[in-house]
Amino acid sequence: MTRIVGIDLGTTNSLIAFMKEGQPCVVPDRNGRTMVPSVVALTDNGLIVGDSAKEHLTRNPERTVYSVKRFMGKGLADVQNELAYFPYTLTETGGVIRIRLGEKSYSPPQVSAMVLKELKRRAETYLGESISKAVITVPAYFNDSQRQATKDAGLIAGLEVLRIINEPTAASLAYGLQGKTQGTIAVYDFGGGTFDISILKLKDGIFEVLATNGDTHLGGDDLDRLLVDLFIGQIQEQYGINLSEYSDHMQAVRLEAERAKIRLSDDLKATITIELPDDKGHFTRELTREQLESLAMPVIERTLAPCRMALKDAGLTSKDIDEVVLVGGSTRMPLVRRRVEALFGKAPHCHLNPDEVVALGAAVQADILSGGTTDMLLLDVTPLSLGIETMGGVMSSLIRRNTTIPASAKELFTTYVDGQTGVDIHILQGERELIKDNRSLARFRLKVPPLPAGVPRIEVTFLIDANGILNVTATDMRTGQSQSIDVKPSYGLSDAEVERMIEDSFKFAVDDVNARKLIEARLDAEALLKTTERSLTEAGHLIMADEAKGIRNASSQLASAKDGSDPRTIRARMAELEQAAKNLNVVMLDDSLKKSLQGKKVTEVT
Amino acid sequence: MLNASMDQQTPESPQPRGLQMARSMCWHCQSAVTGEYFCDRCVKVQPVSKETDYFTCLGFPRRLTLDPKKLEAKFYELSRTFHPDFYQTKSPAEQTISLGNAAVLNTAYRTLRDPIQRAEYLVALETGSVKDIRTSPPAELFEEILELQDTLEAFRSSERDSQEGRELRTVLETEQRGLEQRRQEMEAQLHRLFTDWDQLQDRGEATSPAREERDRLLKHMRDLLSNRTYVTSIVNDLAATIA
Ligand SMILES: Nc1ncnc2c1ncn2[C@@H]1O[C@H](COP(=O)(O)OP(=O)(O)OP(=O)(O)O)[C@@H](O)[C@H]1O
Ligand SMILES: [Mg+2]
């Protein structure tokens, strides 16, 4: 069986993990970092992803996409009131948001696919084998459209998505593996863009989710925004500058706000420095933890109602919870910990790295799917009630929220008019009475043979699979014939569109590879130039003038190759420079060795 | 987006005739199935037949008092047998069966886990008809409910913070407590009937008094269950209005 990897596709950061000798591990990059910022930038040399793309947030804000997860499975109207916060341009086609990047527009699944490809590539380099199958995590409270969008992203990235699994439940798998925990646990997952709470019962290797709740639009991003609003309000007041008109400065403010917020999890005070446009100097101020907390309080409070609701749905009170587990970067905030502790009446624990635990759990689930582990089994639930539109704009519920998946419901349909040949069905998800208050998922038309009213009997089966994704099938009860259904998603890509995007992504893969090679070569060249420069300043006096000149020469050759677009030339010039500086490095090493030995007794050296 | 696909409950034989056969003949190797969930010969998982009731599915007799621990243990055991996670490496046909079986198992467990739903299901099963949905109040509550509707109407059209509004709320709160009390009594009565039912079943007599007793119990439970549902929905309405 080929290897299945586990992927945490986060709003802010994404990770990829695999199983090694029965233990999940996260794949690190060359520098040992495990998190890939979920940021995609369009540069003159093509699309780049991750840390290098993050640098473009301030340099090139209109062409740098972050927090794309907030747009998965959404239409433009859903995000209307936060458009002002994003420097890039959003449009909508066919109920799906499109993000403008240069000449082209991309759907959120396509942008997410770029992040997935980067993760895939990372794992392929690290493991030295090709990766084609994955388990990808989503917030537990994601609806059908958002789950499907995530699956589409996987397909576009060239991955077979064997399972979509919920982030808090993934975390519980990683914890369960650790401590052989038994009992009832609450997983509180507060990340960059989403909040989830899941209540699980762990018994004899079965992880049974009792209830889940959350808010797919609530996270650390929202705290950053409160700070940004505070700062730009003050700047407006003090300097009369409307910073929101400068998208590059806005990104700098956002990053500064986040940095201060993170610092205040450890320190009681942080200094904020924001460069003003048009050489107007700097705005500086101090922010205390107390100030941050009073600002953050309403946001944190919004996480508590879903917690209470989940407890209620599970038929439990906070006393019944044996353990509270914290997941997600935002749970590092002391205020969050205090509020969670107050709610559940016990100190939450987090002995696994909250950044990595979801990816680790995804790898465990991947192991279960590949048959590597059979002692653990996850029984998850559907977070939202599923229903269909009935007379008077009312939703009739077919599968209630918190029903264990796979779950199915059957409904018999007939006609009201003689000779009627179709019945229109509108599928929704949500907890409200009226369809207008719930989320429209899809519509389809049931084909009916022309017969007197009330005679046709078509049984429709609504099945929510183990991914939490809906599948619809229909059978004519009179003939036993099944019919295929052409479902039109309300907020999703059509199958044809996904197909096309997969093709596109293969087509561009070649370009992508070249672009990546170039970017990597440039980064490496830059690093080499820097160290050579440093060596020359430190040890230039120890070598012959001719030799130093040769090195400078090779350096400037490399510098100009670096501005070109051929990675091979860059690599060749790098090799030349390395050759030219070989002796310098030896001399420098000797010198530093001599220095470190000075003043030491001979006995110590030998 | 939704995954639309053909109905594939019984992959190799989609005709209705196949559904009945699924019980006795392996869909894969066509030999007679003697094992419980798997074909003895080819070890392929077998679809749970559409005719299998939830008690049979979970391996319990048709009783109304079930040990929740045992029920859970059986549910976990069967989840390990059928869950799609363990069929990822199997053929598409087996994956489809596992998905269908797991969905049936989950519904069966959800239904039998809750004593009220369990009783509603058993009554429907034994009488061969679905539960009645009451649209008018049960006789003994008729007067009370009519009066309550009037008070609710008055409350809805009153100012919440006025003297009248506050008084009406107090009346409604008392009413709510009264109805909740009523519901508890009904449930207590139901539980006594559950015990009677189980005892009757355990005796297993085929006499005509036993048959009459059976019909009487079913009818009584059926009435109580629908009254209880009615009262519950009134209470929920009430709670929502005064919240
Ligand atoms: N020490 C800290 N204190 C406060 N917030 C922090 C800290 N460290 C990280 N964060 C915040 O956590 C968020 C990122 O967390 P994480 O990586 O868990 O999110 P994600 O998985 O990308 O998002 P999601 O799960 O919502 O899709 C960011 O908003 C970041 O600012
Ligand atoms: Mg996360």
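Here is the naming used below: chain letters follow the sequence lines, and residue numbers restart at 1 for every chain. Computed from a predicted model, the values in this text were never measured in an experiment.
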- [ ] Output, in order, the C-alpha distance, side-chain angles, deciding distance and verdict of side chain to side chain contact (heavy atoms under 4.5 Å, CB included) for A/L369 and A/K133.
- [x] CA-CA 11 Å; A/L369 296 183; A/K133 295 175 180 205; over 6 Å; no

What part of [X] lies closer than 4.5 angstrom to a heavy atom of chain A: side chain, backbone, both or neither?
X: B/Y87; result: neither
X: B/F82; result: neither
X: B/R110; result: side chain
X: B/D85; result: both

Task: Short side-chain donor-acceptor distance under 3.5 Å, B/E180 and B/Q176 - done: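 Indeed, the side chains of B/Q176 and B/E180 share at least one donor-acceptor pair under 3.5 Å.
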
- [ ] Tell me yes or no: between the side chains of B/Y76 and A/E208, is some donor less than 3.5 Å from an acceptor?
- [x] yes

Open item on the list: Using modelled atom types and a 3.5 Å cut-off, is there a donor and acceptor pairing between side-chain atoms of B/W27 and backbone atoms of B/I97?
Closed with: no

Open item on the list: Given 3.5 Å as the limit, does a donor-acceptor pair link the side chain of A/S385 with the main chain of A/R401, or not?
Closed with: yes

Task: Aromatic B/F55 / basic B/R118 pairing, under 6.0 angstrom, 45° off normal - done: no

Open item on the list: Taking side chain as everything from C-beta outward and backbone as N, CA, C, O, which of these in A/I464 sits under 4.5 Å from a heavy atom of chain B? Side chain, backbone, both or neither.
Closed with: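 No part of it gets close to chain B.
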
Task: Atom group of A/R147 that falls short of 4.5 Å from chain B, counting heavy atoms - done: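 For A/R147, neither part sits under 4.5 Å from chain B.
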
Open item on the list: Under a 4.5 Å cutoff for heavy-atom pairs, which residue among A/T403, A/L463, A/I399, A/L377 has the most contacts with chain B?
Closed with: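 The residue among A/T403, A/L463, A/I399, A/L377 with the greatest pair count is A/L377.
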
Open item on the list: Out of A/R163, A/Q365, A/M477, return the one with the most heavy atom pairs under 4.5 angstrom to chain B.
Closed with: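 Going by pairs under 4.5 Å, I would pick A/R163.
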
